[in-house]
A.B. asks: 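Have a look at this one before I ask anything.
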Amino acid sequence: MTTTQPSSSSAPSLPGQPSEPTAPAPSFQASTQQASHSIRTLAPVAVADRIGFGRLVPVELRKFLDTRAGMFLLGIALLGALAVAVALAIFYRQFSDVMGNTVWSTPSSFIALPINLLVPVMVILLFTQEWGQRTTLTTFAIEPRRGRILAAKGAVALAITVVGWLLTQGLSVVSSAAGAALTQQTVDWTNDATTLLGLAATFVLSNAMAAGFGLLLMNTPAAIVTYMALPNLLGAVGLLGSNAQSVMNWIDLNRAALVLYSDQPVHLGWWKLTTAVVLWVVVPIVIGVVRNLRREAK
């Protein structure tokens with residue numbers, strides 16, 4: 001028969017044998033006080049309530065320039081404009097004979113060809129590349145207010161447009177001066193300020209339309225194809241007859257923008273320009289902004 005021996009802690013003491021002293025249990029209050037003394041209070045850290053708009057704009061500019069597409073487009077536009085300016089300077093005599101004048105701004109319409117072609121593509125990429133490369137999660141996690149991100153992108157697009165136009169005019173000045181020096185001709189430095197401002201406004205409207213397509217379609221190939229094909233499509237429709245041409249004068253932005261820099265008066269020119277701007281600039285931008293604000297980033 002097996003007997004269970006009691007543990008030493010619960011075994012009774014034998015007669016005549018002194019009992020062992022029992023250690024007192026630790027007090028809960030004492031342990032709580034000891035733990036409270038070991039906790040250190042950290043000093044408060046100042047945290048910015050939001051990212052400043054002045055920081056968002058350089059970040060968006062750097063995000064655009066750091067991509068391969070942005071760098072290639074910018075390089076091709078600059079090299080193309082520089083090549084045209086050099087060619088016009090070398091053949092300045094033939095160019096001035098064909099154009100019939102030696103006004104300094106005349107070469108700008110040719111120097112601007114690569115810039116007018118590629119800068120709108122840069123603007124489209126500025127608004128579509130994040131949705132195509134799926135970096136919207138990071139962008140909107142850092143700055144959840146999407147409206148501020150879109151405003152920063154718009155500021156960068158405007159800066160690229162202004163710099164591109166100024167570069168065109170600067171290369172035109174250099175090309176005219178160099179060409180006149182090589183061919184012993186005199187440059188006409190007089191020009192109408194209204195015409196220059198009108199051409200600048202036309203370039204801004206063209207890039208604003210590109211931004212609208214980028215915001216609206218949120219897809220790089222679709223936005224580029226739409227922007228490139230639309231003027232040709234409207235021009236082809238205008239060849240169908242006088243009635244179609246009269247309608248295109250109200251719809252085609254390129255035709256309506258003639259009122260900005262043309263010397264000849266245009267009948268109802270400002271109303272036609274307003275209609276075209278609302279149709280191809282305001283409406284796409286408004287709908288595109290709403291889509292960007294509501295689309296799920298995934």
Side-chain angles (χ1 to χ4, degrees), residues 73-123 156-211 227-228 230-232 234-235 249 252-267 269-270 272-274 276-277 280-281:
L73 288 174
L74 184 61
I76 293 173
L78 293 177
L79 291 177
L82 184 61
V84 174
V86 171
L88 291 179
I90 295 174
F91 301 100
Y92 187 76
R93 182 178 297 278
Q94 294 83 349
F95 175 75
S96 60
D97 291 340
V98 172
M99 300 305 297
N101 62 73
T102 57
V103 180
W104 67 269
S105 61
T106 303
S108 64
S109 58
F110 297 90
I111 297 174
L113 289 177
I115 294 179
N116 291 344
L117 180 65
L118 295 179
V119 168
V121 177
M122 300 180 196
V123 173
V156 173
L158 180 60
I160 294 174
T161 302
V162 173
V163 170
W165 185 81
L166 292 177
L167 177 64
T168 300
Q169 302 306 313
L171 289 177
S172 180
V173 171
V174 175
S175 178
S176 298
L182 291 174
T183 58
Q184 303 299 322
Q185 288 184 306
T186 303
V187 181
D188 185 3
W189 297 105
T190 61
N191 203 340
D192 188 8
T194 304
T195 303
L196 290 177
L197 293 178
L199 292 173
T202 303
F203 189 49
V204 171
L205 289 177
S206 177
N207 288 303
M209 184 173 69
Y227 176 81
M228 295 296 181
L230 183 63
N232 298 326
L234 295 179
N249 290 334
D252 192 355
L253 183 60
N254 293 329
R255 298 185 184 185
L258 289 175
V259 70
L260 294 174
Y261 56 87
S262 178
D263 297 334
Q264 300 178 357
V266 181
H267 181 62
W270 292 105
K272 295 177 181 179
L273 178 62
T274 303
V277 168
W280 299 115
V281 177

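Side chains are part of it too, since the values below use all heavy atoms of this structure and drop only hydrogens, waters and symmetry mates. All of these numbers come straight from a predicted model, not from anything done at the bench.
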A.B. asks: Nearest heavy-atom pair of S176 and P107: which atoms, and what distance?
C.D. replies: OG-CG, 3.5 Å
A.B. asks: To the nearest 0.5 Å, what is the distance between CD1 (I160) and CD1 (I115)?
C.D. replies: 12.0 Å
A.B. asks: If you compare all heavy atoms of M228 against all heavy atoms of L117, which two are closest, and at what distance to 0.1 Å?
C.D. replies: CE-O, 3.6 Å
A.B. asks: Hey, are the side chains of L205 and L273 touching, using non-hydrogen atoms and a 4.5 Å cut-off?
C.D. replies: yes
A.B. asks: Taking atom CH2 of W189 and atom OG1 of T102, what is their separation to the nearest 0.5 Å?
C.D. replies: 9.5 Å
A.B. asks: Which pairs count as side chain to side chain donor-acceptor pair (under 3.5 Å) when at least one residue sits in residues 164-174, sequence neighbours excluded?
C.D. replies: none
A.B. asks: Provide the closest heavy-atom pair for A256 versus K272 in the form atom of the first, atom of the second, distance.
C.D. replies: CB-O, 3.7 Å
A.B. asks: Under the 3.5 angstrom rule, does the side chain of S206 hit a backbone N or O of T202 as a donor-acceptor pair?
C.D. replies: no
A.B. asks: With side chain to side chain contact (heavy atoms under 4.5 Å, CB included) as the test, would you mind laying out the steps for V121 and Y227 before giving the verdict?
C.D. replies: CA-CA 9 Å; V121 177; Y227 176 81; 5.9 Å; no
A.B. asks: Would you name the heavy atoms of F203 and G164 that are closest together and state the gap between them?
C.D. replies: CE2-C, 4.4 Å
A.B. asks: Sequence neighbours excluded, which residues qualify as side chain to side chain contact (heavy atoms under 4.5 Å, CB included) partners of N101?
C.D. replies: M99, V103, T106
A.B. asks: Of all residues at least two apart in sequence or in a different chain, which pass the side chain to side chain contact (heavy atoms under 4.5 Å, CB included) check with A85?
C.D. replies: I111, L171, S175
A.B. asks: To the nearest 0.5 Å, how far apart are OG in S105 and CG in D188?
C.D. replies: 8.5 Å
A.B. asks: Sequence neighbours left out, cut at 3.5 Å: what donor-acceptor pairs do the side chains of residues 86-95 make with other protein atoms?
C.D. replies:
unit_1, atom_1, unit_2, atom_2, d
R93, NH2, T183, O, 2.4

A.B. asks: I'd like to check the side chain to side chain contact (heavy atoms under 4.5 Å, CB included) partners of L74; sequence neighbours left out, ordered by chain and number.
C.D. replies: L65, L78, M122
A.B. asks: Is there side-chain contact between L253 and M209, with heavy atoms separated by less than 4.5 Å?
C.D. replies: yes
A.B. asks: Going by the rule side chain to side chain contact (heavy atoms under 4.5 Å, CB included), which residues pair with V163 if we only count those two or more places apart in sequence or in a different chain?
C.D. replies: none
